[in-house]
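Single-structure report; data block below.
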Amino acid sequence: LQTLSRRPLSVLSSSSSSIAFDTMTATPPAFATATKPASAANIRSASPTAVRAANQKLGNNNMFSKLWKSHSSSSRNFSFLPLRKRSYSISSVPSLVVRESACSSSASSCDDSISSQLSSASPSARRFSSSANGSGSKLSSSRGRAAIQLLPTYLIDARAITQYSPSTPEGALQLSVAENQLSELPVKGLSGILENTQAGGIGTLGNNKEMRLVDVLSTLASSTIARPYDEGARAMNVFERDMIYYQPTQGVPSVRQAMAEYLQGLLVSPTHPSLSAKFNPDNIVLGAGCNAVLENLCMVLADPGDAVLIPTPYYAAFEFDLVARAGCHIVPVNTLDHHDMSVPSCKVPISPEFYYPNRSSLEHAYTRAVEETGRAPRVLLLSHPNNPLGICYPPSVVQECIDWCREKEVHLISDEIYAGSVYRKERRAEGGGDEGSPTFVSAMALGSDSDTSTATEGEAGLGLGPYIHLVYAFSKDFALSGLRVGVAYTENEEILMPLQKLNDLCQISSQTQLLVERMVTANAIVANDEESDQSQKFVDVYLKANQDNIRERCDTWQSCLDEVGIPHLPADSGLFVWMDFREFLPSLTSGTTEATESLESKEQRERQLYLSLMKEYGLLFTPGMSMRNERPGFFRCVFTAASQEEFELSLVRLRKFVDAMRS
Amino acid sequence: NNTLGLPGPREAVAYFLAKHFMFPEQRDMSFGEALGFIQPGHVAFGSGAASLLSHLALSLADEGDAVLIPAPYYAAFDADLRINAGCVAVAVHSTNPAMGPTPDDLEHAATLAEAKGLRVRLLLITNPNNPLGTIYPPELIKSAVDWARSRKMHTIIDEIYALSVHNGRFESALRTLNNDLRDDVHHLWALSKDFGASGFRIGTLYSKNQRLLSSVANLNIFSGVSHPMQMVVSEILTDDHFIYSFLENSRQRIRYSYELCTARLDEMVIPYIPAKAGIFVYADFSSLLPEQTAEGEARFSQLLLDAARIIMTPGLAQHDRKPGMFRICYCFVNPEVLEMAMQRLDKIVGKIRRWHWDNLKAESLSDII
């Protein structure tokens, strides 16, 4: 099987088998008392239990615990309190930087001379090249200099303009950052948190209908709680001594166990409740954010220069995650021309099917990859539910991708980071005969071969085989991008070890991992008027409330679009609506048709509209061409990034824009 | 905002570095004074020192370039520099490793690397040194940095053991260089060793090179530190009372275990490099090897594991040239376990000396554990 790139093998063979265990001052396992022969490497993986065996009381653990508690209490103005924007918050700031923009360079001016940069560089031109311009300063490397020049032009534009705030009411409204501020609202229906196992619960904030996610996290962080997946289920503190020291690089075992259960409940059980196949905790790798685990997956599946196929339009920062260090070559999967119908002109809604990848478009991209790289592509990356489209691919589409990938021996990475933000659970009537069927069906469920896995009663995992992989994170569904917790899942045993090795350089603090474990295992006390099922998980209550909030915003935004007659996709998931603004584009230069228009011209026309929306009407959307959309004039609206006040103002401004443009 | 870290926690690190690295004698230095010496904007967090080191290598050197490291050195540097950055670690050997590399040693190593077609871009110095447990004299740091500057190279100073110094007296490079880091000296530290908190995954970078910091900011997208942990750590680092009492307590315990370990080595007449810092001692078991080769070292390691259930870090894995050198991490276990380990070591050393390798029989080894 061509399941592994050459890269991780060399990584493994180059690394020394001797790993230092320089944890100081205290206890861990005995290099002198191991009860069976062990290499340094397996001591490392065995360390949590071994550490526990040694027992020397240290002052520092108490100190750390105390601090964690003090930070978790709401009396402090940092910690979990979600102060807006540039404050110490786990929820407000980072999505712009980390998941969305993937860049931190300071913006220059909003100068039209840089307009051509909007997206004209090829998707793969951003790798830190070590060959080009190598003759520069001896004090820095060429790729080091390249690392600071990765900001898409539209973000440079956006940063140069004054943004809305109470003191700058004329500023532009931020509707382009995939951030969910609705997650700061009190969790509807939640009135407390139960301890996981025994009596003596920790629901100190119980009977409080204003309980927010951050309150729950603070409660969980400062509690002593029995961990359901820990051997012996002892009550323990987040700063327990074991957790001070090195842990297995792929994640604390009990946390991976909890994560497996959570993913099962999120991705598989809702549509396949009777599937006996289960997520296997041993196949989970936890890393510092979705960017990190996605990059590592690509590192172990593809060599530098290998092609990764991504259906368009796609999340712009994939170009950073996959190209910057992993050196992958992105080949867009263009879908619009691979359907029986032809793309309707402006004012007529484009139906979602146009954006579905199918065998025809995949084959086309495959051929293009071979032409461009001289070899077969290694990966197909699906964003499902899709960012930026705000829709889920129907099961038949995902199944077609899975089947095609297995036939072609191409790896499918399903990025399901928005799986908990599917706010319309049933498909609408679209004449396809699938009304009422589930909107979202995970590639994990569709790719599972339950026949092969039942043999060992779930121990073998989902039966995905070597070609189907998952990435997930808490940055979107929970807006916890500041926690930096990402998850990769693969049943390809060949890449598992290399993945764990690469994870060395992007591990998550054990304390943060335990906090997440507590969050996904916590049971909720629900308000009386809700279903009084005591066994409800907190995450289920939270996600439902969050989905309700998102849907409400989405409905308001879409009604407004419908009223003013702007075509859009019928959104069912994520934080966005995909809008068709082609009507408002500057007209083509004479002699040019849409079919013959150059890329530069497309970008130029769209950017003009983008700048007008931003500067004249104070509306900041994400321009489609920055997401490699095939046609100019499409914009992504993130309707959850604004406060209620800002959101309402954006409706007013949108109407004003449409009126002005049409008159 | 910034992937380099939240504003408050970056201030805390700046304060901590100024107070405990630059001016350890000025115990009453105020927050404001400290920030006058080290700007929070020059400080960054990363998911462990290893991750920051990888970002430095990627930002400052190109793929295939060489990083000079005085040998013997921490075995994982090879992988840390190679995995993402594709850099090649090159050992710098010197006549007296405990005193650190002279400019001649460095020049010699650089010339050898260049003869192999490598571009030499970085110098990485770990001080206090792992695995030697020694502290380089300030003049050596100065001369090494001067040498690197004369070749327009960057120097990375890794002081991850700075506060685990047995008598508490250590001069940080920040002080030696009078904080004159310019664009080409970069300082690494982490909580993993001095606070035994490797599970926190928190490393710190101090550099005045803004372009480098911008580059690290982008790379940190792959290795950011969770915000609640940054807040916790910032509270720890600014709690002077806790820091002073914890470190004093910690040093006493380290010294106690060090003395326990070296007293046993003395009894066994095993030579070792007297350690002034760190949580390990570097000992010379070469007289016990069946032969003075890598195989000899491997056989000795295997015998220790099989007959005595003891694991020490072999010197060749740390790029020592001489077989038979071992790093003993005496703080990895508590003193009782250490005592037991040293007794076993004593027994097996005695048996090897008495029976020689040819006559070591299974039955003569059976009573070690």
Side-chain angles (χ1 to χ4, degrees), chain A residues 11 14-16 18 20-28 30-34 37 40 54 56 60 63 67-68 71 78-79 86 88 90 93 97-98 102-105 130 138-141 143-144 147-148 150 243-247 288 291-292 295 325 482-484 505-507 509-512, chain B residues 1-3 6 8 47 50-51 54 59-63 74-76 78-79 82-84 152 164 183-184 193 196-201 211 214-215 217-218 221-224 226-229 231-232 235-236 242 246 250 253 279 305 309-311 313 317 329 331-334 337 340-341 344:
Chain A
V11 166
S14 72
S15 65
S16 162
S18 165
F21 296 98
D22 317 74
T23 37
M24 75 160 267
T25 34
T27 51
F31 66 69
T33 55
Q56 184 185 0
N60 64 339
M63 180 70 188
L67 287 167
W68 183 273
H71 279 287
F78 35 70
S79 82
R86 306 182 159 269
Y88 305 149
I90 48 176
V93 174
V97 178
V98 177
C103 290
S104 71
S105 324
S130 52
K138 214 189 163 191
L139 276 176
S140 64
S141 67
R143 59 185 183 182
I148 59 176
L150 294 158
M243 295 298 151
I244 297 288
Y245 299 112
Y246 290 117
Q247 299 294 317
N291 313 73
E295 183 197 43
R325 294 195 302 190
L483 284 189
R484 310 307 308 131
L505 299 179
C506 59
Q507 294 173 70
S509 77
S510 316
Q511 291 68 35
T512 305
Chain B
N1 210 309
N2 208 320
T3 54
L6 298 171
S47 169
S51 151
S54 159
S59 305
L60 301 170
D62 285 298
E63 209 166 337
Y74 170 54
D78 291 313
R82 179 168 176 162
I83 287 178
N84 285 320
K152 293 206 181 334
S164 305
D183 268 356
D184 56 10
K193 307 302 175 186
S198 44
F200 283 20
R201 309 312 309 137
R211 289 178 65 86
S214 304
S215 168
N218 279 346
I221 283 159
F222 301 118
S223 57
S226 92
H227 292 181
M229 284 305 288
M231 299 310 301
V232 168
E235 199 73 355
I236 294 170
F242 165 72
F246 173 82
S250 166
R253 289 175 177 170
I279 48 190
L305 184 60
R309 300 281 191 265
I310 293 177
I311 301 172
T313 325
C329 297
C331 287
F332 195 64
V333 291
N334 62 37
V337 176
M340 186 202 304
R344 290 185 190 181

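Below, chains carry the letters A, B, ... as their sequence lines are ordered, and counting in each starts from 1.
- Residues B/Ile221 and A/Arg484 share a closest heavy-atom pair of O-NH2, 3.6 Å.
- The two residues A/Leu483 and B/Ser226 make their nearest non-hydrogen contact at O-CB, 3.2 Å.
- When all heavy atoms of B/Ser54 and A/Arg325 are compared, the pair lying nearest together is OG-NH1, 4.4 Å.
- Across all their heavy atoms, B/Ser47 and A/Gln507 have their closest contact at OG-O, 2.7 Å.
- Evaluation of the side-chain hydrogen bond (donor to acceptor under 3.5 Å, both in side chains) rule for B/Ser51 yields B/Ser223 as partners, not counting sequence neighbours.
- With rounding to the nearest 0.5 Å, the separation of OH in A/Tyr245 from CZ in B/Phe200 is 10.5 Å.
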